[in-house]
> 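One structure follows; several queries about it will come next.
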Amino acid sequence: MDFKIDKKDGYTLVQVLKDKLDTHIAPALKSELVLISGNGEKNILLDLTPCTYCDSSGLSAILVANRLCKNANGTFVLYGLQPAVERLVSISQLDSVLNIAFNMDEAVSTMKAQIELNK
């Protein structure tokens, strides 16, 4: 299994379990994100803690999640960025587009605050 999906109170937590978010797992992640969204979930928390590498297909999966949530008037929060992945997100200037948290506690707080704002 490349990722773990847990339905929480008000959002879905998706944890990537591999050290690389690349062409090998990004398409499956995109498919899961589309299924989650298709099932009516509009708030997604994506945990990239184990990922030490991300390529353009990984960034694409992240952007798909963000777009799906935004289109559903929901919230997408990304957390657990390792230095190389954080650098890629920053270089791509996605840090100004995405909700990024440093750890799970901050991510959950951000998610809950955004859910309240979207009510």
> Identify the heavy atoms of Ala26 and Gly58 that sit nearest to each other, and give their distance.
CB-N, 3.9 Å
> Evaluate the side-chain proximity of Ile100 to Leu81: yes if any heavy-atom separation is below 4.5 Å, no if none is.
yes
> Any side-chain donor-acceptor pair under 3.5 Å between Ser37 and Lys42?
no
> Is any side-chain heavy atom of Ile5 closer than 4.5 Å to a side-chain heavy atom of Glu32?
yes
> State, with a plain yes or no, whether a side-chain heavy atom of Val14 is found less than 4.5 Å away from one of Asp47.
no
> Counting C-beta onward and ignoring hydrogens, is there a side-chain heavy-atom pair between Leu63 and Leu94 closer than 4.5 Å?
yes
> Of the non-hydrogen atoms in Ala61 and Leu33, which two are nearest, and what is the gap between them?
O-CD1, 3.5 Å
> Within a strict 4.5 Å, meaning less than it, do heavy atoms of the Ile44 and Tyr11 side chains meet?
no
> If we ignore hydrogens and angles and just use 3.5 Å, is the side chain of Asn99 paired with the main-chain N or O of Phe76 as donor and acceptor?
yes
> Are Met104 and Phe3 co-members of a hydrophobic cluster defined by side-chain heavy atoms under 4.5 Å apart?
no
> Return yes if some donor-acceptor pair links the side-chain N/O of Ser109 with the main-chain N/O of Asp105 below 3.5 Å, else return no.
yes
> Rounded to the nearest 0.5 Å, what separates atom NZ in Lys30 from atom CD1 in Ile62?
11.0 Å
> Would you say Thr12 and Glu41 are linked by a side-chain donor-acceptor pair, where the criterion is simply a distance under 3.5 Å?
yes
> Would you name the heavy atoms of Gln82 and Thr49 that are closest together and state the gap between them?
NE2-O, 2.7 Å
> If you draw a 6.0 Å radius around CG in Asp9, do more than 12 non-hydrogen atoms from other residues or ligands fall strictly inside?
no
> If we ignore hydrogens and angles and just use 3.5 Å, is the side chain of Asn43 paired with the main-chain N or O of Gly10 as donor and acceptor?
yes
> Hey, could you give me the CG/OG distance between Asp95 and Ser90, rounded to the nearest 0.5 Å?
4.5 Å
> Could you tell me whether the side chain of Ser60 and the main chain of Ser56 form a donor-acceptor pair under 3.5 Å?
no
> Going by heavy atoms in the side chains, are Leu46 and Val77 under 4.5 Å from each other?
no
> CG of Asp19 to CG of Leu21: how many Å apart, nearest 0.5 Å?
10.5 Å
> How long is the span from the NZ atom in Lys20 to the CD1 atom in Ile25, to the nearest 0.5 Å?
11.0 Å
> Indicate yes or no: at least one non-hydrogen side-chain atom of Leu45 is less than 4.5 angstrom from one of Lys8.
no
> Can you tell me how far the CG atom of Asp55 sits from the NE2 atom of His24, to the nearest 0.5 Å?
8.5 Å
> How long is the span from the NZ atom in Lys112 to the CG atom in Leu117, to the nearest 0.5 Å?
14.5 Å
> Please check if Met111 and Leu68 belong to a single hydrophobic cluster, counting links between Ile, Leu, Val, Met, Phe, Trp and Tyr side chain heavy atoms closer than 4.5 Å.
no
> Is it true that a side-chain atom of Gln15 and a backbone atom of Leu48 form a donor plus acceptor pair closer than 3.5 Å?
no
> Does a donor on one side chain sit under 3.5 Å from an acceptor on the other, for Asn103 and Tyr79?
no
> How about Lys70: does its NZ atom have over 12 heavy atoms from other parts shown lying under 6.0 Å from it?
no
> Quick one: closest heavy-atom pair of Cys51 and Val85, and the distance?
O-CG2, 3.5 Å
